[in-house]
Each structure stands twice: as structure tokens, then as C-alpha cells.
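What follows is a set of notes on a single structure, which appears directly below.
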2 protein chains.
Amino acid sequence: MSCEEIFLEKLRKRGFRLTPQREIVLSILHQIDSMASVEEIFEKVQDISTAIDISTVYRTLDLLQEFNLVISTDLGDGHQDYKLVGAEDPHLHLVCRQCGAVIGTEMGPGSSLAAYYLENYGFRVDFDFLSFPGLCKNCQPQGQ
Amino acid sequence: MSCEEIFLEKLRKRGFRLTPQREIVLSILHQIDSMASVEEIFEKVQDISTAIDISTVYRTLDLLQEFNLVISTDLGDGHQDYKLVGAEDPHLHLVCRQCGAVIGTEMGPGSSLAAYYLENYGFRVDFDFLSFPGLCKNCQPQGQ
DNA sequence: GTTATTGCAAATTATTTGCACTTGG
DNA sequence: CCAAGTGCAAATAATTTGCAATAAC
């Protein structure tokens, strides 16, 4: 099932509507690989229609996030970045704090970590779609 | 070595100065167990001296964070929360998104996770002082 | 003394909201 | 139709900044 279909289904289930604005934001997100700021998303949205307001983009991103179609992270620069994760299974993201690259990985070792904390601390970590900050291969200092 | 000593040393090393304002902010952080907002920290600071400005609190928290004496997280409510981690070894925090409780844990399983990602993706996760969002024992819904 | 630091007030940035108008179902 | 959604402009919240006065070393 495609993102669009999932989106439509979840909207319907809650009595929400599919508007052109929502379709456009979703289509833009499909074009972006790494995390993107609202500003960046908004600019691309405006290439399609200048009539769409940034508040609508915010509202749509919130909605998509609630539907688990989008994740967001604060990379430490004072605003949220967003990325479409679509119809995929829960997984982890490695987000480079230098270049913003996003590497999606299976839950694998994350699952054991989650189990460990649940067992030992009774704490249920929200690992689904979690992002880990760090440095990707290319952005690591030479020596290390 | 106490937090205060580490702080002083790191300040000196960079030609920075130890001011009463900085000492007060650090002392307040010692009184707080869980993550706290700047507003909360600022209020307590004002109990000691009303002359201290909130911008100074921000500046001091930034400094402490740079020195790895303080961590910050965005718990998803639109602002950063801070916590003193002091002279401790790198470790992980489990932060409850319901009640804000912070559970400090050893790096243990985090280290293997870091090693895993380095090996398989060449990605160096910033695990030091990282926080995992989730639900603590008390805040979990009954059935689960 | 010199220069980092502060308090203040104003600016900036990110995000949210109230509301009259529009539109999807 | 009519409730949900939108654009707009204004509000809010969090954080940052410029600068003259102050104080640490």
C-alpha cells in the first residue's frame, strides 16, 4: 500500500479530508531523501503552488507525523526537521549532524536495547522511528 | 573532582571567567534531579538573586553544555530541557515523556549498539549522554 | 587596566492561533 | 449543505543579539 493510500485511509477513518494542499505536501516529501526543514519543504511546495500557506505545511506535517508517515528530529539548530518514512516498518534512523544525511536501518540491535531497558528498568523506550544523531562516514574527522 | 572544580578548570583553560552568576546557575542545577526547562531554572535562580537575567542563564547553560557538564533534550514540547550530568562517565538517559523523570543508566548495551553501527554503516553515533524518550514504569498504560 | 561578562531591551526565529472564507464529501 | 480545512495576519514562545556599563583576573 502506497503512502498516499495509507494517508487517505487514515484521514477517512477520522473524518478528515484529502485536500490538494495535503497531497502536494506529501508529494514534495517524496522528493526529499534527507531530513528537511519546514522552510525547505515550504519552498518546494511553493514551486507547485504559491497560494499554499506555511501554516498549512505545519498543520499537514503534524498530521502526517501523527499518522506515523513522517518523523521529525531536532538536529540542535533550533528547529525541527522532517522526513517521510512512509509505509515502512518501524526502523531506526542515523542522522548525520554535519551533512544531514539520513541512513535508515532495520530495528535489529535496537530491539534488544529496548528489551534490555524494559527488563532492567521497566522503561519502554520509544524506539519506533527513532533517530540517532552522530557523524556519517564522510563527515568524520580523518584521524578517527 | 567536583563539578565546580571541573567547571573552573575548563573556564580557565579558555580564558573565561568564573562569575557569581555562573556559580549560581550551577548550584541550582545541583538541586534538580530531572530535566528542567530554562524557565524553571530561571525561577530558582531568581530566588537567589533577582538581578540575574534569563539571557545569562541561557548563556551559562550553553557553556555548561559545551563543557559536557549539562545535557539537553527536546521532549517534544517546543523547548529544550536541561540537566546537570556533572563529573559522571558518559551514560545514557531514559527520559519519560509523560512525567519527565530521568533515569540514568550505564553505557552498557549502548556501547554495543554504537559498535554495531560503526561496523555496519561507518556511522559514529553520539551516544555519550544521549537521551532516549519513552514511558517509565509508572506512566505506562495498565494493560501493557 | 583590559577584556570577558552582564543586564537590558529589542530583534529574530520557529511555530501557533483566531477567524472569515472556501471547499471536500 | 456543513463541518473540516485554508489563507491571512497577528500572537506567542523560545532564544539570540547589540551594546553600554560592570567586574574578574
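Quick note on labels: first sequence line is chain A, next is B, and so on, each numbered from 1. The structure displayed is predicted, hence computed values, not measured ones.
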So, OP1 or OP2 of [N]: does either fall under 4.0 Å of a side-chain N or O from [X]?
{"X": "B/R17", "N": "D/dA23", "result": "no"}
{"X": "A/R12", "N": "C/dG25", "result": "yes"}
{"X": "A/T56", "N": "D/dG7", "result": "yes"}
{"X": "A/Y58", "N": "C/dT16", "result": "no"}
{"X": "A/Q21", "N": "D/dG7", "result": "yes"}

Hydrophobic cluster membership, A/F123 vs A/L118, 4.5 Å side-chain cutoff: no
Toward the 5' end of DNA chain C, by each residue's nearest nucleotide, A/D62 or B/I54: B/I54
Ignoring hydrogens and angles, does a donor from either the side chain of B/R59 or the base of C/dG7 sit under 3.5 Å from an acceptor on the other? yes
Minimum side-chain heavy-atom gap B/I24-B/I52 below 4.5 Å: yes
With a 4.5 Å limit on heavy-atom distance, are the side chains of B/V38 and B/Q80 in contact? no
For the pair B/E66 and B/R14, find out whether any cationic side-chain nitrogen is under 4.0 Å from an anionic carboxylate oxygen. yes
Nearest-nucleotide wise, let me know which of A/T19 and B/L8 is further upstream toward the 5' end of DNA chain D. A/T19
Would you mind reading off the distance between B/R14 atom CZ and C/dT3 atom P, rounded to a whole angstrom? 19 Å
